Each structure stands twice: as C-alpha cells, then as structure tokens.
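Quick notes on the structure that follows.
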There are 4 protein chains.
Amino acid sequence: MTSPIRHTPRKQPRQARSQQMVDTLLDAAVRVLGERGLEATTTNEIARVAGVSVGSLYQYFPSKEAMLAAALDRKFTRGIERVFEVPAPDGGSFAEQMRDGLRAAIDLYRGDLEFFRAVLLHVPRVGRVEALRAHVHAGRERLRDALIARSAELRPVDPELAAFVIVSAIEWVILTCVLEQPERLSDPRLVEELIALVGGYLAPRPGP
Amino acid sequence: MTSPIRHTPRKQPRQARSQQMVDTLLDAAVRVLGERGLEATTTNEIARVAGVSVGSLYQYFPSKEAMLAAALDRKFTRGIERVFEVPAPDGGSFAEQMRDGLRAAIDLYRGDLEFFRAVLLHVPRVGRVEALRAHVHAGRERLRDALIARSAELRPVDPELAAFVIVSAIEWVILTCVLEQPERLSDPRLVEELIALVGGYLAPRPGP
Amino acid sequence: MTSPIRHTPRKQPRQARSQQMVDTLLDAAVRVLGERGLEATTTNEIARVAGVSVGSLYQYFPSKEAMLAAALDRKFTRGIERVFEVPAPDGGSFAEQMRDGLRAAIDLYRGDLEFFRAVLLHVPRVGRVEALRAHVHAGRERLRDALIARSAELRPVDPELAAFVIVSAIEWVILTCVLEQPERLSDPRLVEELIALVGGYLAPRPGP
Amino acid sequence: MTSPIRHTPRKQPRQARSQQMVDTLLDAAVRVLGERGLEATTTNEIARVAGVSVGSLYQYFPSKEAMLAAALDRKFTRGIERVFEVPAPDGGSFAEQMRDGLRAAIDLYRGDLEFFRAVLLHVPRVGRVEALRAHVHAGRERLRDALIARSAELRPVDPELAAFVIVSAIEWVILTCVLEQPERLSDPRLVEELIALVGGYLAPRPGP
DNA sequence: TATGAATGAGCTTTCATTCAT
DNA sequence: GATGAATGAAAGCTCATTCAT
C-alpha cells in the first residue's frame, strides 16, 4: 500500500486542502456576487456553486459578511497592489512614472473587466470595499510623498490635498470607464488625458 | 403654470391627495434610508414613518424596489438639476461659471450629508442611480458644448473625451469627500483645487 | 349594511381578536410541547397546529423562548393560584385548612393530568417553570405566616425552614404521583398521609 | 475482581482501551453538561473535551441521546448507590440509620453541586433519568421493608404508601435545596428537620 | 481503529406583500 | 381608498452524523 517512492501524496496535506476549499469558496462567492448582486447572494447558493456544503462554508468563514468581505478583498488586493507598485521608485521623470502607473491601473481593470463591472454594479458601498479603500489610501500617501519630493518642479500645493484630489479624480475616471464605457479603456488617449489632467494641475503657473 | 386667476378646482381631491401621499412616502423613505441604511429599511418602517399603512404604500408603488428607486431618483433629480443650472448660461468667465457650479454641488451634498452618506454607503448600484447617471450625462453634454464654444481659449482637445474626464474626476473628488472626509467639504480650498485641476487640464500648453 | 340594532360586532374588536390568537397559539404550544417535548418543538410546528402562520406567532411573541414561557406560565398560573387560595383564611382548624388545600392541589393535577404529565416529562427545568416557582414561593410564605400565627400549638420550629421543608415535601409527593402513579391521586388515603406527614412534623414533641 | 495474583493479560488492548475511551467520553460529557448546560452541549464539544474525535464518540455510542443518557445514568448510579448503601444494614437505631443516609445524600449533591444544578435545570425528563428513578425505586423498597420489619415501633401504616411518601418528600426537599438554596445543604438543621419529618410521620400517635 | 472535514436537514426569524374589513 | 393583521417563502446558521483517509 505504500511504495518506497511515493509519487502522489497519500492525501492532500491539511493546509493545502484548506486553502483550496477557501479558494473554491471565494471564487464561487465572487461569481455569485457578480451574477446576482449582493442582496440576492445567499450562503447556500455560494456553497452550491462551489460544490461544497454550507457547513463547509461556515467552517472556513464565520459569517456571510466575513466571507463576502474576504472574496472582494482578495480580488482587490491582488490587483490594486500592483498598480501602486508599478511606478519604478527611481526611474524616469514624474510624467513617465505616472504613465506607467496609470497604464497598470487601466490594464488591471481591463484584464478583469467582467468581474469588476459585476462587483461595482452590484455591490453596495462602491467605493467602500475595504481593501480598495486601503490601497487607495496607500496610493494617496505615496503620491503625497512624491509630491513633497518633487515640490521644486511643481506649483506650490498642499501635498495632502493635492494627492487626495488626484487619486480620487483618476480613480473615478477609470471606474466610470469600467462601468459605462469599457471601450475607452483601450483608447490610448485615455492615459494621455489623465496625464494632462494631473500634469496641468501640478504644473507651475506662468507668471502674470 | 400659475395664473393670477385660479382655474383649477378649489380642491383636487383625487390627484392632490395622491401626490401628497406619494411625497410623504418618498420623504419617509429618504429619511429612513438616511437614518438606518438600506439593510434596515423596510416597507413597514417607511409606512410607519410616513404615518400611513403599508397597504397605502403598495397602492402607490408596485414594490419596495420601485419605491426606493423613486425616492432616490427624486432626491438626486432635485439636487443635481440645481447644480447644473447654477452656472448662469451667459454670465461670467468659464472659471467663474465653474466655480458657481462646483460650489452648488458641494453645498448640495453638504446640506444633506447624512442622507448622501447613507445612500452612497449602502445602496447597491450607486453608480446606477438612474437620475444621478442621467444628470451626470447631461452635465457632460453641457460641458462638451461649452468646450466646443470656447475651444479658441483652450488647449485642443476632444470635447467629448475631455468632458468625460472632467465630470468624472470632479464627481468622485466630491463624493470621496462625502464618504471619507466630510470636513473637506467646508474647506474653501477644495473648490479652488478643482478649478486648478480643470483649468490646468484645459489651459493651452506653452510652446516648445 | 348597518342595522340600528347590531347583534354581531362588525368585526372582532382589536383586543378580542388578539387575545384569541394568543390563546390559540398558547394552546397549540402546550399541545406540541406535550406531544413532542421541548427539543422537538419548533415554532413552525406550533404555528401549523394553531392554524396560523409563523409570522403571526412572531407578531405576538418576540421569540420561541418567550412563547414557550408564556404557554407554561399560563397553564401553571391558572391552576396553582387556586391551590394556595383554597384554605379559607379564617375557617377551621389548621388540619382542616390543610386538608382543603391539599385536596385542591391534588384535584388541580388530576383534572389536567395529561397536560401536567406531558410537561413534567418533557420540559426541562422541571421544578423551574417560573410561574410554578413563583407560586410555590408564595405558598411557602403563606405557610410560614400561618406557622408563626399558630406557633403556640406547634413544636418550636424555624418557620422559614419548616415552611420550606413542608412545601417541598408535599409538592414532590404529589408530582411523583402525577408522573409515576396517577392512580394514587384518587386514593383518599393520600391526603391523610400528607396530613400525617405535616401534622407529625409540627406536633409538639412529648416530653422526655 | 482483584486478586493478589494477576490472571488477566498484561495488557488488555481491546477492552481496556475501549473502556477507558468510554470513561473518558462519559466524563467529558458530564463535564460539558455541567459547564455549559444541555443546549450548548454538542457531540463535537464532548469529543474535543475528551481529547478524541467525534468519530470515536460514535464508535461507542449510537447517538448523542444515548451518550448523554449513559453519562447521566453513570453519574446517578455511582452517587445514589452510595446513598442507599450507607445506612449499615444492622447498625444503630432507625433514626441513626436515617441520619447516615440523609447525610450521604446531601453530601452527594453538595460535592458536585454545579453538575447537579446544571442537570436538574437543563436536562429534559429529569424525573425520568432512568438511573435516578431506578434507585429511588430501590430506595422505596428498602424503606418499605424496613418499615415492615420495625412496624411494632411505628404508627400503623401501609408500608408501601408510607415509603412512597417519605422517599418522595425527602427527595424533593434535597433537590429543591440543590436548585434554589444550595447554602441550606450546609445547614446541619436540614438533616434534623428531615428526621423530624419522617419521625413525626411514623411515630405512634398518642391518645385515646 | 481513529480521525475530523464534510455534510445537509432543519431551525429560528424576517419582511415584502396581500386582502378582508 | 385606507388599513394593518396575516402570510409564508426564504435567509443565515448549527450540529448530529458520516466516511474517506
């Protein structure tokens, strides 16, 4: 029953199986959420779609709310993390760095368009999904620091306020595309316009 | 619609009473929504707050969903109409008109902060509240037309695209304030920053 | 549609209908409780037996626990109240009063034997049903007062302790009959033995 | 069952281990029951406390009900056996024997107060715990025989009836203490009062 | 045998909706 | 029309029990 050399594990190690179940459930949650919206999403349906029992769902998540939070969190965490990490910390001009970050952001949404549309359309607290907010917040701080570092090149601004304005503005331009005009995401002019928006906002004002 | 001599019947038993009941119900819905959030908002509670019976509610609205939609639509319609009508069609510079419109928008949200927070936090498909979207769309078109009319003063842009970018950007800066930093709504610099954002974006680029 | 003299109320007055629903539900609860025991008693089943919807049940009782408590309370309250009120406050000797009370108690259980058997067999906290306890407690106090009033005729005792002992002893002799030997309840010697028990306990001890 | 020279196998792999597991489980059940009450007692929790798996529990008991019954039975059996065996069959007067037995009973409950309270408060069919009833019944029979044996010293009674009355009365005085006034269990007067109760009941009536 | 992850029937409770009055 | 008691489908969650490993 055991051979000297084992090729397949006798049984899945504990953690691996758990992780797989968690993933299966979160995938199912994301799918059901997208298909039916928050109000119509039930734990029983998620479990059914995941191909497991409700009992199992509750073995891994203490409540419906916790599981939905985890599902959204995972999706957003994976993606949005990348966006704010793309601009190489030391490479290129401010505009070039911005361009890289914006492209990454747009690609993030474009690559998972259906999911994001579903979630943004159906899930309440649009801008509130916690992970999204956390990353947006982190983005603001990074931008604020960049503004401080490069303040010599820029119009005098309150870095905090400016970062807030810029991040919010860009966030919603892109999300509005996702929601209303997905084809715009493929328009190369979109990035340029956003750069113009930010660039114009930060550019030193010409003297009187 | 009003004339010095009244031609309408002394009492309008049917329609007037109906309209009043509808208003009462919609007000109650808005209030409950604002106070308790979507999840705790029930038709029975709305009727109770309105001082009528649930039965009456269903006389005027076919379902809970329909009634909440109507309530939100009316709220947004009333407010957003004002916002886009504030800039006097012919008065002042572009920047002045913009300033007036932005102030009106900010005041709109600030004047009913708790309600808008509740709605934006809890109501699914925020991005889809039809009246909101419709008016945002109308706003885009008005802005596009203004951009075309004043294109001589501005950097060359695709008016459609630029209007889209500007309206989306401003929308979310303000809504993010509503959701996350309400105190910013009272900061006079907010309007100025938004004007800087739009102004910088549209300003003719200095030559090479 | 209305005649000068009305013979049947146009509709049941509010309170009467409510009270009837409450009664119907409590009757059903008592029945289901008796038939299935506490653990197997569900609110849905109670409602079904009562011929109303679960929703109605929850209109009148805030929770399952509250409704079961009310059901048992009502039954016990009605009956046990009588027992401790039977002994005419001023009539007859102590033994005669006791005899009356004991007969009333026995008759109480005998008259509703099936219900009491069901409840005592199935419901947890046998001796804990709150109403039962409350009345037992009241009984103890009345007995204590009687013992104090008649202390001259009795062996010197701590009235509190003696009342406790007597009431508990009698309570369980009768309840054990209910549970295990219902036929004994019809044995006239039972009352005599209980009187002997109490009488012997309280009788002045013969001198050494 | 134990002899100086051991004849049983050095290790009893099968039965001994089984018996130990059963004991562990029953101990755990009793403990959980005492600590959490019936409603919060789950098979999984019992297994966890016992340090074995639920699967093992079901190897030894066909159902939760069966296991709890076994647990309570064992507990009562152990305790009550002692109580009824305490009065040395041939030693001392009737009153002395009674006093020994009563003290043993009181000590039994006092020694495990929390458990007995939990069980009496929460376990359905208290009156039906089989071991308790069986031993109470045995106690009645022993008392009946004693009454017959000593009938010369006593008031003429139906021994069966008298034993029933006495055992029930005493049972509930003690259990009521357990449930409502645990501190009374430590009052030395309690035993004396119970002896007075029984003694007065059985004492030959003076008189003409 | 022992394990404990997985199962899923079934419970309590809510609330949109109806309809007799 | 207006009322609000009554309805009952359906939700979230638990836990006795099973069975692959």
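Worth knowing before you read on, the calculation uses all heavy atoms, side chains too, and leaves out hydrogens, waters and symmetry mates. Residue numbering restarts at 1 for every chain, and letters A, B, ... go by the order of the sequence lines. Predicted, not measured: the structure shown is a model, and the values here were computed from it.
Residue whose closest nucleotide on DNA chain F sits further toward the 5' end, between M21(B) and N44(C): M21(B). Remark on DNA chain F: of its neighbouring residues K64(A) and P62(D), the 5'-side contact belongs to K64(A), judged by nearest-heavy-atom nucleotide. When the nearest nucleotides of DNA chain E are assigned to T43(B) and T41(C) by heavy-atom distance, the more 5′-ward of the two goes with T41(C).
T42(A) comes within contact range of the sugar-phosphate backbone alone, with a heavy-atom separation under 4.0 Å but no base atom that close. Contact annotation for Y60(C): backbone-only contact, meaning every heavy-atom pair under 4.0 Å involves sugar-phosphate atoms and none involves a base.
Among all heavy-atom pairs drawn from F61(D) and A70(D), the shortest one is CE2-CB, 3.9 Å.
A straight line from CE of M67(B) to P of dC15(E) spans 17 Å, rounded to a whole angstrom. Taking atom CD of residue E45(A) and atom P of nucleotide dC13(F), one finds them 16 Å apart after rounding to whole Å. When rounded to the nearest whole Å, the span between CD1 of I46(C) and P of dT13(E) equals 11 Å. Distance CZ (F61(B)) to C1' (dA2(F)): 16 Å, rounded to an integer number of Å. If you measure from atom CD of E65(D) to atom C1' of dA16(F), you get 12 Å, rounded to the nearest angstrom.
With a 4.5 Å cut-off on side-chain heavy atoms, D27(D) and R74(D) count as touching.
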> Can you check side chain to side chain contact (heavy atoms under 4.5 Å, CB included) on T41(C) and M67(C), steps first, answer last?
Replying inline: CA-CA 11 Å; T41(C) 295; M67(C) 113 139 293; over 6 Å; no

> Passes side chain to side chain contact (heavy atoms under 4.5 Å, CB included), L26(A) versus V22(A)? Steps please.
Replying inline: CA-CA 6 Å; L26(A) 292 181; V22(A) 166; 3.9 Å; yes

>> Pair T43(A), Y58(A) - check side chain to side chain contact (heavy atoms under 4.5 Å, CB included), show working.
In response: CA-CA 9 Å; T43(A) 49; Y58(A) 280 90; 3.2 Å; yes

>> Run the salt bridge (Lys or Arg N to Asp or Glu O under 4.0 Å) test on R117(D) and D112(D) for me, step by step, so that the C-alpha distance in whole Å, both residues' side-chain angles and the decisive distance to 0.1 Å come before the verdict.
In response: CA-CA 9 Å; R117(D) 285 176 63 84; D112(D) 225 342; over 6 Å; no

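Pairing for dA16(F) goes to dT7(E), judged as Watson-Crick or G-U wobble with the two contacts each under 3.5 Å. As the counterpart of dA2(E), dT21(F) is assigned, both hydrogen-bonding distances of the Watson-Crick or G-U wobble pattern falling under 3.5 Å.
Taking a 4.0 Å limit (strictly below) on heavy-atom distances, residues 48-58 of chain B reaches DNA chain E at V54(B), Y58(B).
Closest approach to the Q59(C) side chain among dA5(F), dT13(E), dT17(E) is made by dA5(F) (side chain taken as heavy atoms from C-beta onward).
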Side-chain polar contacts of residues 44-57 of chain D - donor-acceptor pairs under 3.5 angstrom, sequence neighbours left out - could you list them?
unit_1, atom_1, unit_2, atom_2, d
E45(D), OE1, R48(D), NE, 3.2
E45(D), OE2, R36(D), NH1, 3.3
E45(D), OE2, R36(D), NH2, 3.1
E45(D), OE2, R48(D), NH2, 3.1
S53(D), OG, S56(D), N, 3.3
S53(D), OG, S56(D), OG, 3.2

